[in-house]
Structure formats: structure tokens, C-alpha cells
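Structure record follows, encoded as C-alpha cells.
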Amino acid sequence: MILKVARLGFPSIRTVAQPVATDRIATPEFQRLIDDMVETMHEYHGVGLAAPQVHLPIQLAVLEVENHPRYPDMPSMPLTVLINPVVTVVNPAPIEDWEGCLSIPDLRGLVPRATEVQVQALGRGGERLDFAARDFHARVIQHETDHLKGQVYLDRMPDLRQLGFLDEWQRFLIPCQKPGAE
Ligand code: NI
């Protein structure tokens, strides 16, 4: 089932999410929620979706990049379910890139993110996950786990002049940033 996506202003977007009780993970209701979040992420061409974005302030996020129309040059990321994630910055050297968010429609902003993180979480079967992520993968994880802290990418922007509407960004900002790009 495709879920309604909460936009900035809905309280869950600014609420610190609660941990998921581990005995809840295997329940049909929770497994269905994960399926619905994956379906919703696909429907809206997101690369990630956090539970607060579907009105639920709990520590659950899904992410996936596979032949993504908006990010054709990005390396693929397998479908990953993160429950109660803890993200540790391994390499804090920031790199800037453009981000958008399904809860902040039509906008893009330039956001510095750490280039490498270590992620500990539970997977959808309750199994322990512990993996390193770099570059775009690390960026998506930081974006999604920020949602679980009630934060959005705008909070991470040092310069709000680097915020624009997607269609204007495609006309003006991409040519400025990357000469010759389409
Ligand atoms: Ni987002």
C-alpha cells in the first residue's frame, strides 16, 4: 500500500523518533509497514524513506538505489532496512552535494556530509547489521537517519542561498556547478 508522505510542518518530521521494540519487528503489522514504506519509496522515486515521513516517529528507515532515474550516475545500493540505527562518522571530511527530500517537495539544496560512516542497526528480520558506507551511500544514510532525529537537510545547510526549486536548479545551478552538464 502506498502511504501518504508527511511534509515539513507535520509534527513527526520534527519529532525525535523512538526505538522500535525488538519483539515488534517480526509481527505481521511491522513487516507490512516495511513493505508499504518500500512501495511508497518506489512510487515517489525516493532513494530512502524514514518512518517519520509516513507520520510515524519510530526508528525505521528504508533505502535503495537501483538504476534510479534521478541519480543515473550513482552506484547502486541494495534495498536496506534500518531499525534503530546508530551511525558513527569514520571520515568527517565533508563533501558537498545536492539533496532533495520527499517531505520538502520540489526543492534542492547543497549539503555537506561526512564521506564515510559506520552503521550499526537491526535488519528487517531483527538481525544485527554492521557495515561501512561511503560517498553517496553514506550521504543517503545520513539524510535518512537525520529524519529519525527530527532533522532535515535544510538544518545541515551552511548557506541557504544554495537552496532552489528543482526546475530552476536544473536550468541554472547545474550548469554553474558542472560546466557542460545537461
Ligand atoms: Ni528526506
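We count ligands from 1, going down the list as the structure has it; atoms in each ligand are counted the same way. These numbers come from the heavy atoms of this one structure, side chains and all, not from hydrogens, waters or symmetry mates. Everything numeric here is computed off the predicted structure, so don't read it as measured data.
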| query | Which value, rounded to the nearest 0.5 Å, describes the distance between L33 atom CG and T40 atom OG1? | reply |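 Going from the CG atom of L33 to the OG1 atom of T40 covers 9.0 Å.
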
| task | Could you count the protein N, O or S atoms found under 2.8 Å away from the Ni ion (ligand 1)? | result |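 Atoms of protein N, O or S type lying less than 2.8 Å from the Ni ion (ligand 1) total 3.
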
| message | Looking at R108 and D97, is any side-chain nitrogen of the basic one under 4.0 Å from a carboxylate oxygen of the acidic one? | response |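 Result for this pair is no, no salt bridge flagged.
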
| message | Checking H55 now: which residues fulfil ring-ring contact (aromatic ring centres under 6.0 Å, His included) with it, not counting sequence neighbours? | response |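 By the ring-ring contact (aromatic ring centres under 6.0 Å, His included) rule, H55 matches F10.
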
| message | Among residues at least two apart in sequence or on other chains, which ones pass side-chain contact (heavy atoms from CB on, under 4.5 Å) with E96? | response |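 Partners of E96 by the side-chain contact (heavy atoms from CB on, under 4.5 Å) criterion, ordered by chain and then number, come out as L110, P112, P158.
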
| task | Give a yes or no answer on whether the side chain of E127 reaches the backbone of G125 with a donor-acceptor pair at less than 3.5 Å. | result |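 At least one qualifying donor-acceptor pair exists.
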
| field | salt bridge (Lys or Arg N to Asp or Glu O under 4.0 Å) involving D36 - partner list, sequence neighbours excluded | value |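 Once residues adjacent in sequence are excluded, D36 has no partner under the salt bridge (Lys or Arg N to Asp or Glu O under 4.0 Å) criterion.
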
